[in-house]
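Keep in mind that this is a model prediction, so the values were computed, not measured.
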Amino acid sequence: MITFEDIKNNEEINAYIRAADRVMDAIGYTEHSFAHVTRAAEQAADILETLGYSERTRELARIAGYMHDIGNAVNRHEHALTGAVMAFRILDNLGMSAEEIAKVVSAIGNHDEGTGAPVNEIAAALILADKGDVRRSRVRPRAVHAGDIHDRVNYAVETSSLAIGPRRDAVTLQLTIDTDICAVMDYFEIFLTRMLLCRRAAEFLGLKFKLLINDITLL
């Protein structure tokens, strides 16, 4: 049985993650390397653990989270679909069962707001974990003062958290934003489609999606 540790220690996968981040750097995107994919992997598993999903389902969510952006090594355009095909080849060669591969590649192939949908519980958890990773440390040093709205929005985020409430009926993305750097409206301009996908993902898991910015409920 393929484990998350197997995936984290697989040099082929790690090479693709490094290559993907180099592509994202070259075209001016935020960090998409090990910090992001590890955070997405663990956050997706935490969501499913809170909701009572099995240990193996959580492990598959970690695997999907760690591998979800490898398609960026090819091209940012439709990277989720490319990444799903790449992941299929890797996991098949590692001997993962077809049933588990199908769950993982469905999640990877559906995590992007342009083409994705919460087609299973792993995909839903990955969407929330991926889109919830908004933080200042993802902005590359040379981009801090470059003026791009994507970098400005991420750099404005002072604190962020994604958590399911104690009643397990809602998942909340809570942000503290420095409005001297970025207006709240700028956040919506860039991330509205991502937040709508998060709402669909939450609903798939039987939750409401809430967005709080500077203690004001916006969704």
Side-chain angles (χ1 to χ4, degrees), residues 1-10 13-14 16-17 20-21 31-72 79-80 83-84 86-88 90-91 94-97 99-113 116-135 137-138 159-174 194-195 197-210:
M1 188 172 289
I2 304 303
T3 68
F4 180 44
E5 287 300 315
D6 295 328
I7 298 303
K8 284 203 305 181
N9 294 321
N10 184 288
I13 295 169
N14 289 335
Y16 291 140
I17 293 171
D21 190 53
E31 177 267 322
H32 280 69
S33 191
F34 295 103
H36 171 60
V37 299
T38 302
R39 185 174 176 131
E42 295 297 348
Q43 182 75 75
D46 288 347
I47 289 169
L48 295 178
E49 182 177 13
T50 300
L51 296 175
Y53 284 90
S54 70
E55 181 178 349
R56 186 57 185 167
T57 299
R58 302 195 304 267
E59 190 80 340
L60 293 178
R62 289 188 184 94
I63 291 170
Y66 194 76
M67 299 179 72
H68 78 279
D69 270 340
I70 60 174
N72 284 315
H79 73 283
M86 294 169 67
F88 167 79
I90 296 167
L91 297 174
L94 290 174
M96 181 179 280
S97 72
E99 180 180 356
E100 292 193 340
I101 290 174
K103 292 179 180 178
V104 172
V105 299
S106 290
I108 293 173
N110 280 282
H111 81 270
D112 187 62
E113 62 270 19
V119 296
N120 59 36
E121 66 276 9
I122 297 171
L126 176 56
I127 288 167
L128 290 167
D130 178 43
K131 308 312 174 193
D133 187 17
V134 184
R135 52 189 163 85
S137 57
R138 292 191 69 186
T159 64
S160 66
S161 65
L162 180 71
I164 296 175
R167 294 191 296 179
R168 299 184 184 181
D169 61 348
V171 57
T172 300
L173 175 60
Q174 186 164 2
R194 300 182 190 183
M195 296 301 97
L197 182 58
C198 283
R199 185 165 68 182
R200 293 173 62 195
E203 289 171 351
F204 185 95
L205 296 171
L207 304 168
K208 294 179 180 178
F209 178 72
K210 296 182 179 180

Enumerate, atom names and distances included, each donor-acceptor pair closer than 3.5 Å involving a side-chain atom of residues 34-41, sequence neighbours excluded.
{"unit_1": "H36", "atom_1": "ND1", "unit_2": "D133", "atom_2": "OD2", "d": "2.6"}
{"unit_1": "H36", "atom_1": "NE2", "unit_2": "H68", "atom_2": "NE2", "d": "3.3"}
{"unit_1": "H36", "atom_1": "NE2", "unit_2": "D69", "atom_2": "OD2", "d": "3.4"}
{"unit_1": "H36", "atom_1": "NE2", "unit_2": "D130", "atom_2": "OD1", "d": "2.9"}
{"unit_1": "T38", "atom_1": "OG1", "unit_2": "F34", "atom_2": "O", "d": "2.8"}
{"unit_1": "R39", "atom_1": "NE", "unit_2": "D133", "atom_2": "OD1", "d": "3.1"}

Practice prompt. Ignoring hydrogens and angles, state whether a donor on the side chain of S54 or R56 is under 3.5 Å from an acceptor on the partner side chain.
Written response: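 No pair is found: no donor N or O on one side chain lies under 3.5 Å from an acceptor on the other.
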What's the separation between atom [atom1] in [X] and atom [atom2] in [Y], rounded to the nearest 0.5 Å?
| X | Y | atom1 | atom2 | value |
| --- | --- | --- | --- | --- |
| I13 | I70 | CD1 | CD1 | 7.0 Å |
| S161 | R135 | OG | CZ | 14.0 Å |
| I2 | N10 | CD1 | CG | 9.0 Å |
| D46 | T50 | CG | OG1 | 6.5 Å |
| Q43 | L162 | CD | CG | 4.5 Å |

Write down the atom of [X], the atom of [Y], and the distance for their closest heavy-atom approach.
| X | Y | value |
| --- | --- | --- |
| I108 | A80 | O-CB, 3.4 Å |
| A170 | L207 | N-CD2, 3.8 Å |
| I63 | M96 | CD1-CE, 3.9 Å |
| I47 | A125 | CD1-O, 3.9 Å |
| A117 | I127 | C-CD1, 4.0 Å |
| N120 | K103 | ND2-O, 3.6 Å |

Practice prompt. Compare all side-chain heavy atoms of L91 with those of V104 and state whether any distance is below 4.5 angstrom.
Written response: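 Yes, close enough: below the 4.5 Å cut-off.
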Worksheet item: Under a 4.5 Å cut-off applied to non-hydrogen side-chain atoms, are I17 and N14 in contact?
Response: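 A side-chain contact exists here, since the closest heavy-atom pair is under 4.5 Å.
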Fill in: Worked check of side chain to side chain contact (heavy atoms under 4.5 Å, CB included) between M67 and I90
CA-CA 10 Å; M67 299 179 72; I90 296 167; 4.1 Å; yes
Worksheet item: How would you list, by chain and number, every residue that makes a salt bridge (Lys or Arg N to Asp or Glu O under 4.0 Å) with K210, sequence neighbours excluded?
Response: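 By the salt bridge (Lys or Arg N to Asp or Glu O under 4.0 Å) rule, K210 matches no residue at all.
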Worksheet item: Under the ring-ring contact (aromatic ring centres under 6.0 Å, His included) test, which residues partner F4, sequence neighbours left out?
Response: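 Checked F4 against ring-ring contact (aromatic ring centres under 6.0 Å, His included); matches are Y66.
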Discussion item. Among R194, M195, R200, which residue satisfies the side chain to side chain contact (heavy atoms under 4.5 Å, CB included) criterion with L197?
Written reply: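 Running side chain to side chain contact (heavy atoms under 4.5 Å, CB included) over R194, M195, R200 with L197 returns exactly one hit, R200.
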Item to complete: Not counting sequence neighbours, list each pair that qualifies as a ring-ring contact (aromatic ring centres under 6.0 Å, His included) and has a residue in residues 37-63.
Response: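 Sorted pair list comes back empty.
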Worksheet item: Taking S160 for the side chain and V134 for the main chain, is one N or O donor matched with an acceptor at less than 3.5 Å?
Response: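 Yes; judged by distance alone, with no hydrogens or angles, the pair exists.
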Fill in: N/O donor-acceptor pair under 3.5 Å between K208 side chain and T172 backbone
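Checked: no pair found.
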Worksheet item: Is it true that K8 and E5 make a salt bridge, defined as a side-chain N closer than 4.0 Å to a carboxylate O?
Response: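 Yes, charged N to carboxylate O under 4.0 Å.
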Worksheet entry | Those residues that, when tested against R58, pass side chain to side chain contact (heavy atoms under 4.5 Å, CB included) (two or more places apart) |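 R58 satisfies side chain to side chain contact (heavy atoms under 4.5 Å, CB included) with A45, L48, E49, E55, R62 only.
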Discussion item. According to side chain to side chain contact (heavy atoms under 4.5 Å, CB included), who are the partners of A124, at least two apart in sequence or on a separate chain?
Written reply: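 So A124 forms a side chain to side chain contact (heavy atoms under 4.5 Å, CB included) with P118, A201, F204, L205.
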Practice prompt. For R199, look at atom CZ and say whether over 12 heavy atoms of other residues, nucleotides or ligands are found less than 6.0 Å away.
Written response: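 For R199, atom CZ is not crowded (no more than 12 foreign heavy atoms under 6.0 Å).
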Item to complete: For E59 and M1, run side chain to side chain contact (heavy atoms under 4.5 Å, CB included): C-alpha distance rounded to whole Å, both residues' side-chain angles, the deciding distance at 0.1 Å, then the answer.
Response: CA-CA 11 Å; E59 190 80 340; M1 188 172 289; over 6 Å; no
